[in-house]
Amino acid sequence: MNIAEQIADLQKQVEALKAESAEDLEALRIKYMSKKGAIPQLFDAFKEIPKEQKAQFGASINQLRQAAEARFNELKEQLGGAASHAIVDKQDLTRTPDPIELGTRHPLSLVREEIVDIFSRIGFTVADGPEVEDDQHVFSMLNFAPEHPARDMQDTFFIEKEPGVQKPTDILLRTHTSSVQTRVMTSQKPPIRVLCPGRVYRNEAISARAHCFFHQVEGLYIDKNVSYADLREVLLYFAKEMFGPDTKIRLRPSYFPFTEPSAEMDISCHICGGKGCAFCKGTGWVEILGCGMVDPNVLEACGIDSKVYTGYAFGMGVERIANLKYRVKDLRLFSENDVRFLRQFESC
Ligand code: DAH
């Protein structure tokens, strides 16, 4: 058979194709359409054809291929229709339908939203910043000394860095949301009142108590005459809203490079009410955040006149607050996406 006869023959075969089942159809597809099937094989024969006849044969092979595809689709539809009729016949239409399951919100999202909601009621708005940051915004402008241990490879994931040398242009994953402070202060004029929720990264071995990424919410307020008493009142308001009206707070002196004075805040243990239990290790208090008055060096580095403006800042771990609220003992549960864990927050 020459190629013209082969095409004509296959054309007839294709028109007469019949399939009783999906298996039949698949066998036909392999016979005619697969790589080694009759129609693609024609393209091999096509290579031998003299140049001047190529256009004519090319067109008729393509026509044949299209006709075959159309016939296959036709057969497929006929079979599909019959198959779905069979399924409908077997269905019990009186059965109650499967309930559509609602997804649950992640406990960290619930806690973050609650924190944002509490502060938005007193005028804080949300600000965002990049997770891939530079040294300048994460460390330098926040008054970290060049040799500060937080800048070490052991704590920070670097993306671009020359070994040994610290440069404001080093690229890294932010280790805290305090970096958003510097972004906001360099792009907005006081008064500034922002809350910065986000994910942070630290080079830690993963265990029940530590993870290489977690979440923080940062707060920043800059204006004229902002005082430590303002900070204390706002944090007391937050603690009562978050953990109940009987919650007490205490501020312990601490150190952060970007605040002066700095403090850590404890709340009265909401499990034993401050009497002392295993959770608070008998002290009656649990630590929840770091805070302080923004160091004048930070204001100046961000172009804000520290003789005119003062401000406070605070930062808390979302996982920490979620642990206190829901008593999740193993931090890893938050990122494993085990539905048995996540479903427990269905009603929240
Ligand atoms: N950035 C600190 C950390 O990651 C938390 C923090 C402490 C933020 C004190 C603040 C602050 O804004 O004032 O541990």
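Both counts, for ligands and for their atoms, begin at 1 and track the order of listing.
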Study note, to complete from the structure: protein heavy-atom neighbour closest to atom 2 (C) of ligand 1 works out as F258 CZ, 3.9 Å

Exercise for review: Return the residue, atom name and 0.1 Å-rounded distance of the protein heavy atom closest to atom 12 (O) of ligand 1.
Suggested key: E218 OE2, 2.5 Å

Side chain, backbone, both or neither: which part of [X] comes within less than 4.0 Å of ligand 1 when only heavy atoms are counted?
| X | result |
| --- | --- |
| Q181 | side chain |
| R202 | side chain |
| A313 | both |
| Y312 | neither |

Using a 4.0 Å cut-off to any heavy atom of [X], which atoms of ligand 1 qualify?
| X | result |
| --- | --- |
| Q216 | 3 (C), 4 (O) |
| T259 | 13 (O) |
| S178 | 1 (N), 8 (C) |
| G292 | 13 (O) |
| G290 | 7 (C), 9 (C), 11 (C) |

Exercise for review: Can you label the angle between the H270 ring and the F243 ring as parallel, tilted or perpendicular, going by 30° and 60°?
Suggested key: tilted

Review point. Between F124 and Y312, what is the ring plane arrangement, given parallel below 30°, perpendicular above 60°, and tilted in between?
Key: tilted

Review point. Hey, which of L110, V111, I118 is the one that makes side-chain contact (heavy atoms from CB on, under 4.5 Å) with E114?
Key: I118

Point to revise | Among E133, Q166, R151, H148, side-chain contact (heavy atoms from CB on, under 4.5 Å) partner for F139 | key: R151

Review point. Are the charged groups of R320 and E287 less than 4.0 angstrom apart, N to O?
Key: no

Review point. Any salt bridge between E74 and R71, counting N to O under 4.0 Å?
Key: yes

Review point. Does at least one non-hydrogen atom of E260 fall below 4.0 angstrom from an atom of ligand 1?
Key: no

Review point. Quick one: CD on E160 to CG on D170, what's the gap to the nearest 0.5 Å?
Key: 9.0 Å

Review point. With respect to H176, which candidate in F144, F314, F213 satisfies the ring pair (Phe, Tyr, Trp, His ring centres under 6.0 Å) definition?
Key: F144

Review point. Do you know the tightest heavy-atom contact between R183 and H137?
Key: NH2-ND1, 3.3 Å

Exercise for review: Would you tell me which option among F256, Y255, F314, F214 has the nearest heavy-atom contact to atom 7 (C) of ligand 1?
Suggested key: F256

